[in-house]
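Notes to accompany the following structure.
Numbering of residues begins at 1 and proceeds along the displayed sequence.
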Amino acid sequence: RHLRPWWDVHRHRMPPEIGDRVDRLMRLGRLTVSAGRITAYERKPAGFDVHYRSSRHDAKRLGDISRVINCSGPACDFDRIKNLLIERMLGRGQARPDPLRLGLDVTLQGALRTREGAISRRLFAIGPLTKGLFWEMTAVPDIRRQCELLAAHVAQLVASHRFPILAWDGRNGGPAADRFNQLS
């Protein structure tokens, strides 16, 4: 939890043209970069008042802020993320967090592990959900390869058994989530 932001900052670089634009906005005083945790914010007619605790642990208040951009990356701990599908899967024991709480516990093929550790033959994950096992699973080429391997694995499962297939687009609710609930 404490080292991940350092890794993310030093591992992921922005393209030089974006860096130049950020530098220009900072020189003009139109962009301020602040490391810390937002403790509260209040919407005002002209923007926001933001209260935060800096990484040096001193409390600060910034006023007349037009935009706040969360640059911490995707949240990983599903005990703290509100997502109806994931909440239901965890509640029913169809999935469990990985031991590092970076995503969901999966096999090398991406199959979810149930609360008891059994391997699902019907539920799979790809991409950042699998960071606990694959760590750097955020780049498109890596995810594309993971999709290819999972598609081949699922094709083998379907050829050897008859399983209904459902693709979920990641949004809460909707017909796909309803069909998922019927299948699970």
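Put simply, the side chain of D98 gets close to the backbone of G103: a donor and an acceptor are under 3.5 Å apart. Under a 3.5 Å cut-off, the side chain of R115 and the backbone N or O of G91 do form a donor-acceptor pair. No donor-acceptor pair under 3.5 Å is formed between the side chain of S66 and the backbone N or O of G47.
Among pairs with a residue in residues 90-118, none fulfils ring pair (Phe, Tyr, Trp, His ring centres under 6.0 Å), at least two apart in sequence or across chains. Residue pairs meeting the ring pair (Phe, Tyr, Trp, His ring centres under 6.0 Å) criterion with at least one member in residues 99-131, sequence neighbours excluded: F124-H153. The list of ring pair (Phe, Tyr, Trp, His ring centres under 6.0 Å) pairs with a residue in residues 83-120, not counting sequence neighbours, is empty.
Hydrophobic cluster membership is shared by I65 and Y52, with clusters built from Ile, Leu, Val, Met, Phe, Trp and Tyr side chains linked at under 4.5 angstrom. Under the 4.5 Å side-chain heavy-atom criterion for grouping Ile, Leu, Val, Met, Phe, Trp and Tyr, V158 is connected to L150 within one hydrophobic cluster. Under the 4.5 Å side-chain contact rule for hydrophobic residues, I18 and L25 share a cluster. When the side chains of ILVMFWY residues are joined at heavy-atom separations under 4.5 Å, either directly or via intervening members, L100 and W135 end up in a single hydrophobic cluster. Following chains of ILVMFWY side-chain contacts shorter than 4.5 Å, one can reach L108 starting from L104, so the two form part of one hydrophobic cluster.
Of the options M89, Q94, R121, a side-chain contact (heavy atoms from CB on, under 4.5 Å) to L112 is made by M89 and by none of the others.
Between the CE atom in M26 and the CG atom in D23 there is a gap of 7.0 Å [rounded to 0.5 Å]. Between atom OG1 of residue T114 and atom CZ of residue R96 there is a gap of 6.5 Å, rounded to the nearest 0.5 Å.
A pairwise comparison of heavy atoms in A125 and T130 identifies O-CG2, 3.5 Å as the closest pair. The minimum heavy-atom distance between A95 and L90, with the atom names listed, is O-CD2, 3.4 Å. Across A111 and S120, no two heavy atoms sit closer than the pair CB-O, 3.3 Å. Here the closest non-hydrogen pair linking D49 and K44 is OD2-CE, 3.1 Å.
The side-chain heavy atoms of L31 and V22, taken from C-beta on, include a pair separated by under 4.5 Å. When side chains are defined from C-beta on, F134 counts as touching Q146, because their heavy atoms get closer than 4.5 Å. Side-chain contact between M137 and I143: present, with at least one pair of heavy atoms (C-beta onward) separated by less than 4.5 Å. By the 4.5 Å heavy-atom criterion applied to side chains, D20 and R24 are not counted as neighbours.
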Any chance you could lay out the side chain to side chain contact (heavy atoms under 4.5 Å, CB included) test for R113 and T107, step after step, and finish with the verdict?
CA-CA 7 Å; R113 292 189 182 273; T107 66; 3.8 Å; yes
